[in-house]
**Q** 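Let me begin by handing over the structure; questions about it come next.
In what follows, chains carry the letters A, B, and so on, assigned in the order in which the sequence lines appear, proteins first and then strands, with residues in each chain numbered from 1.
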Amino acid sequence: MSEMNGTVRIGVYVCHCGTNIAGIVDVKALTHYAAGLPNVAVARDYKYMCSDPGQDLIRQDIRDQHLNRIVVASCSPHLHEATFRNATRAGGLNPFFVQMVNIREHDSWVHTNHAEATLKAIDMVRAAVRRVAYHEALEKGRVSIRPEALVVGGGIAGIHAALTMANAGKHVYLVEREPTIGGHMAQFDKTFPTLDCSACILTPKMSAVKNHPNITLWTYSDVTAIEGYVGNYNVTVTRRPRYVREDLCVGCLECLEACVYKQAKVPDEFNMGLSKRRPIYIPFPQAVPQTPVIDPETCIQFKSGKCKKTCIEVCGDRHAIDLYMQPRTEHIEVGTVVLATGFQTYDARRSPYYGYGHYPNVYTALEIERLVNASGPTGGEVVLRTGGHPKSVGIIHCVGSRDENTNRWCSRVCCMYSLKLAHLLKEHTGAEIFNFYIDMRTPGKGFEEFYQKLLSEHVHFIRGRVAEVTDASLHSSEEGQLVIRVEDTLAGFVRRIPVDMVVLATGLEPRADAQEVRRLFNITCSNEGFFLERHPKLAPVQTFTEGIFLAGCCQGPKDIPDTVAQAGAAAAEALALMDAGYMETEPNTAYVVEESCSGCKTCISVCPYHAISFLDERQVSAINPVLCKGCGTCVAACPSATIRQHLFEDEQIFEEIEGILEYA
Amino acid sequence: MKPKVAFYWCASCGGCEEAVLDLAEDLLEVTALVDIVFWPVALDFKEKDVEGMPDGSIAIAFINGAIRTSDQQKMARLLRAKSELVVAFGVCAQSGGVPGLANLTDAAGILEEAFGDGVRPEREYRVDGSSVTLPKLFDTVVPLSAVIPVDYYVPGCPPTPKIVAGALTALLDPHPPAKGAVLAPDHALCEECPRRDSRPQELRLERFRRVSETVLDTEKCLLAQGVLCLGAATRAGCEARCIAGNMPCTGCFGPPSRVRDFGGKAIGAIASVLGSNDPDEVERALESIPDPAGTFYRYSLPTSFLERRRMEASNGRGN
Amino acid sequence: MPEEYEPKIVAFFCNWCTYLAADLAGTSRIKYAPNTRVIRVMCSGRVDPQFVLDAFAKGADGVLIGGCHPGDCHYQEGNYKALRRFRLLQRLVSQMGIEPERLRLEWISAAEGDRVRAVIDEMTAQLKALGPARRSHAEAA
């Protein structure tokens, strides 16, 4: 019950926060005012309340002044609520007798008029002093954390996070939507700035995943439902049928050759459509698992029922091909989730002025990665779609990035990969290479040196945003080529540069289904559509949903080293939870005052977490404090004010309202 | 000496007097126990008689009806002075009751509605050298507690015989309840409603229906049948008589003690069972509540937080 | 209208979206009118209509409720409940003679610091033009 019990003695602490608050709000006047409020035993101001001496003031006053309530007027509770609660507890008082007043983010930082800012602070402090009198002693709840983890997405981020947690002894479920893990990194040829072969550094990690006893790898699978709460998530994974049994297939790949399609006809997704595959295929030779997939949209047997099924024949007595395979549903329980669902590249057709999809020799960066790759569609030979090798190549930076018309952000990796592609293309073809850039963003280790190397390789760098790519020639020297029209801003005039091949450095975007995925996991997205981290500086891998972490480009564009670092961070944070074995929960749960409950059942269907159940024997509602997340919706819905909420009692909020308006 | 009691009516319909009569044979027991010294509807005692009584000589004054005229205010104060205990009898005295809905307009608006163009009562009329005056009609209806301290409340429109009998018993007990108490149970009506079991745990309504628009099952929860029943938000004690008559609860017992504004709480609860997340569907559903103030503040507008409608005034600053 | 009239707006901000957006406005040093006083709730679904009515009764010139965008509520559906209650409350408040501009429900996500500024500045300007909220005036007592 929240009533005023006994004599209330409040300590009010006004923080200067250096000049952040004191520069605008008259902290002395505010403190003086607070000292005169009812029930306030002591009011102090101090330069930095969150510092040790600041916290000491609270600790000392609780003892010396016999305080039983604390009000701190300073920054946002999102920053220091925990700090002041801890200080209060150290002083011997229950930490939930603290109320914070936000006079920095919500006052001194956003208002310029000193008098008005001070008046606002006065109103807010008065409200908090009235509210805190109705606080009660509370204890944090505890939730146990299961030691299993789920990693969604099997690119380099997901792989690294999964291996880290598996090495720590935790069981990890790695769910990947494609038939193989590896993600985008498997498609790259070489990685910048060292020009390591991407597949060479990736495949050992992929193997490690396959062989790890603590990792359950489910490819060609999706998470379709997740329920529960931190430490106890019930996840439903739907495993799509590959029509080849993973447990029986030995990876000989003879079925691929045996397919009735002697000529491959289906555009190969892994090679960005630059080559074709058969209906039975494996995405790339080092795929993990090494189990082929049959595509029911293109397989003759699925479409007409009339195939010779040479694949099954050649598989012989292994019987690994099962055309009647059904989707399977797995139900697992995990304690933590790491989301590593990656990115998609900008669709260059949204920039029609660059001619992608219209002129055959305009390519995206990912297409070039496949083209220069030794196991790509042309064995690493750079052959134009119209035939022959290019003698000149234009690489256009910032396609779908830094652009008000498409995506405003910088995709972070394109300058570096454009330099890399410039180098690789020059190496493969000896062509004249032009890079068209706005700025050169090469901040990482070895990146600036790489740029210098490119400069010394006589690659041309033209600073200007390309206006258009056209095949309309104004001069005979342009005929048969693609002309890049750009303002060379350093030279100061518009240029037309004819090239044989255009490469578009497409930017990184959130995946098309990011909104659905984030709703599934109950996290939020930023304005750009990437998954939102809890704090941009201090909590870059946590989300606002406890137990769910982010790794890699799904949180924002980044390169491989940053992705791996973030994946390690996410794994570490998940491990911290799982190793502790429990987590403390905020005691702001709702509760039913049973003797007042009339059994009207209004509340039962209002809770999205099914935390409220109806007890038939007693004909009253009851709330499970472990499932209750403290939103308070049932509190407002209860028609007889029988359901109440710790820390957000009606009385406390009414006091805040009336405290604010006392002099209105 | 038998204790003296008084009954008085302010802005009321007479139903609360009838409620006393509804005690039927029990009324004789009451009259055997007490002396009724003032009851304008039934007995011939005059205001002057009350004025002549010593202060505090009336044991209990049961005052029903809201306060909306200067005369009612005067009589309430008189009876307070002459009585040991004052009981606000019925929901009009407790929270303004149906007359309280006059707070959606003001005195001028009422007179306009009643008399139309031109004709207005004259407050003072001189005849034969002396003057006769009509009481002043207030702009705002208030509950009894706004003009005098009230000791107990008996809810209902009108209070049921059981509640009245229970109130009398409680008041005559050597250990009466704490002052300020409402003499009825402090939980919602669903607790005593025979139809509670048939209310489903998942209730989603597309719209509300009026009783006249539908044939109602006599055993199923009325809210579940799409009729706006306020029982879940209303104090129990009436034995769900309206529900027994196949009519929804309209809230005449007021809210349980933890609720500060009946209409505000009821709105929060009712909106929670209106089934949709789509704003257009919500608007359509709300069309079936054409008069929210009349529905949710039928008996309690004067004691709601807002108390009354804000009026336009000629100086631009209403009151 | 007296020159000194400054509207006083009581704002209920949900902890995960609007309150964070207001924090973001703070860290970004975005400047806006000083007329709001924020009360933090965990979810806009906690906002009981009684709170709104009490605020108007005690002299608020405006009440602003801030929650997450539909579909984004940190607690799944609390903001939808807030919307339904708000719509019914709007109709009631209008019957009580309170101008519609005085009660406002806004969806503001944690990333929308500038929107906090826009909404508060706009509401403050509107309420300044409208004048102080009329108070109840019961002459008996």
**Q** For A:A637, is it the side chain, the backbone, both, or neither that has a heavy atom closer than 4.5 Å to a heavy atom of chain C?
**A**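 Contact with chain C: backbone and side chain both.
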
**Q** Please state whether the side chain, the backbone, both or neither of C:A82 comes within less than 4.5 Å of a heavy atom of chain A.
**A**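 For C:A82, neither part sits under 4.5 Å from chain A.
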
**Q** State whether the number of non-hydrogen atoms from other residues, nucleotides or ligands found under 6.0 Å of A:E662 atom CD is greater than 12.
**A**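 Result for CD/A:E662: enclosed.
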
**Q** Check each atom of C:K58 against the heavy atoms of chain A and say whether the ones under 4.5 Å are side chain, backbone, both or neither.
**A**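 C:K58 touches chain A through backbone and side-chain heavy atoms alike.
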
**Q** Rounded to the nearest 0.5 Å, what separation is found between the CG atom of C:N15 and the CG atom of A:N588?
**A**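 C:N15 atom CG to A:N588 atom CG measures 8.5 Å (nearest 0.5 Å).
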
**Q** Examine whether an atom of C:S28 lies under 4.5 Å from a heavy atom of chain A, and if so say whether it belongs to the side chain, the backbone or both; otherwise answer neither.
**A**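 For C:S28, no heavy atom lies under 4.5 Å from chain A.
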
**Q** Counting N and O atoms only, with roles assigned by atom type, does the side chain of A:H111 sit under 3.5 Å from a partner on the main chain of C:Y32, one being a donor and the other an acceptor?
**A**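 Confirmed, A:H111 side chain pairs with C:Y32 backbone.
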
**Q** Starting from the C-alpha separation in whole Å, work towards a yes-or-no answer on side chain to side chain donor-acceptor pair (under 3.5 Å) for C:Y75 and A:N522.
**A** CA-CA 8 Å; C:Y75 304 101; A:N522 193 29; over 6 Å; no

**Q** Contact part of C:N35 toward chain A, heavy-atom cut-off under 4.5 Å: side chain, backbone, both or neither?
**A**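 It is neither, since no heavy atom gets under 4.5 Å.
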
**Q** For C:R117, is it the side chain, the backbone, both, or neither that has a heavy atom closer than 4.5 Å to a heavy atom of chain A?
**A**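 No part of it gets close to chain A.
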
**Q** Can you give me the closest heavy-atom contact between C:G59 and A:L661, atom names plus distance?
**A**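 Between these two residues, the closest heavy atoms are C-CD2, 4.1 Å.
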
**Q** Are more than 12 heavy atoms, taken from residues, nucleotides or ligands other than A:R519, located less than 6.0 Å from that residue's CZ atom?
**A**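 Enclosed: over 12 neighbouring heavy atoms sit under 6.0 Å from CZ of A:R519.
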
**Q** Under 4.5 Å from any heavy atom of chain C, what part of A:Q645 do you find: side chain, backbone, both or neither?
**A**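 Just its side chain gets close to chain C.
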
**Q** Taking all non-hydrogen atoms of both residues, which atom of C:G45 and which atom of A:A636 are closest, and how far apart?
**A**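 Minimum heavy-atom separation between C:G45 and A:A636: O-CB, 3.5 Å.
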
**Q** Heavy-atom distance under 4.5 Å to chain A: side chain of C:F12, backbone, both or neither?
**A**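 Side chain only.
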
**Q** Is it the backbone or the side chain of C:K81 that comes under 4.5 Å from a heavy atom of chain A, or both, or neither?
**A**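 For C:K81, the side chain is the part near chain A, not the backbone.
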
**Q** Check A:E116 against C:P34 and note the closest heavy-atom contact, atom names and distance.
**A**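 Heavy-atom minimum between the residues: OE1-CG, 2.9 Å.
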
**Q** Please report the C-alpha distance between A:I660 and C:I39 in whole Å, then the side-chain angles of each, then the deciding distance to 0.1 Å, and finally whether the side-chain contact (heavy atoms from CB on, under 4.5 Å) criterion is met.
**A** CA-CA 9 Å; A:I660 285 170; C:I39 293 179; 3.7 Å; yes

**Q** What are the two closest heavy atoms between C:G26 and A:W109, and how far apart are they?
**A**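 Looks like O-CE3, 3.3 Å.
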
**Q** Heavy-atom distance under 4.5 Å to chain A: side chain of C:V10, backbone, both or neither?
**A**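 Only the side chain of C:V10 comes within 4.5 Å of chain A.
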
**Q** Do A:V110 and C:R29 have side chains that get closer than 4.5 Å, going by heavy atoms?
**A**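 A side-chain contact under 4.5 Å is absent here.
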
**Q** Within the side chain of C:R46, is there an N or O that forms a donor-acceptor pair under 3.5 Å with the backbone of A:F648?
**A**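 Yes, the answer is positive, given that a donor and an acceptor are paired below the 3.5 Å cut-off.
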
**Q** Which bit of C:I30 comes within less than 4.5 Å of chain A, counting heavy atoms only: side chain, backbone, both or neither?
**A**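 The backbone, not the side chain.
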
**Q** Can you tell me which portion of C:V47 sits under 4.5 Å from chain A's heavy atoms? Options are side chain, backbone, both or neither.
**A**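 Contact with chain A is through the backbone of C:V47 alone.
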
**Q** If you measure from CD on C:E6 to CG on A:L119, what distance do you get to the nearest 0.5 Å?
**A**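 Reported value, rounded in 0.5 Å steps: 10.0 Å.
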
**Q** Is C:T27 close to A:K537 at the side-chain level, that is, under 4.5 Å between some pair of heavy atoms?
**A**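 SC-SC contact between A:K537 and C:T27 ruled out.
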
**Q** In Å, rounded to the nearest 0.5 Å, how long is the span from SG of A:C638 to CG of C:D48?
**A**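 That separation rounds to 10.0 Å.
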
**Q** Indicate the ring-plane relationship of C:W16 and A:H78, choosing parallel, tilted or perpendicular according to the 30° and 60° boundaries.
**A**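 C:W16 and A:H78: perpendicular rings.
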
**Q** Taking atom CD of C:Q50 and atom CD1 of A:I657, what is their separation to the nearest 0.5 Å?
**A**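 It comes to 9.5 Å.
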
**Q** Considering only NZ, NE, NH1 and NH2 on the basic side and carboxylate oxygens on the acidic side, decide whether A:D107 and C:R37 come within less than 4.0 Å.
**A**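 No, A:D107 and C:R37 are not salt-bridged.
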
**Q** Closer than 3.5 angstrom, by distance alone: can the side chain of A:K120 be matched with the main-chain N or O of C:T36 as a donor-acceptor pair?
**A**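 Yes, because the side chain of A:K120 sits within donor-acceptor range (under 3.5 Å) of the backbone of C:T36.
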
**Q** Pair A:R104, C:D23 - check salt bridge (Lys or Arg N to Asp or Glu O under 4.0 Å), show working.
**A** CA-CA 9 Å; A:R104 192 183 71 171; C:D23 275 0; over 6 Å; no

**Q** Given the rule in the side-chain contact (heavy atoms from CB on, under 4.5 Å) test, do A:N102 and C:V38 qualify, once you have shown the distances and angles that lead to the verdict?
**A** CA-CA 9 Å; A:N102 186 338; C:V38 173; over 6 Å; no

**Q** Chain C: which of A:C631, A:P608, A:G632 shares the most heavy-atom pairs with it under 4.5 Å?
**A**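 Among A:C631, A:P608, A:G632, the one with the most close pairs to chain C is A:C631.
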
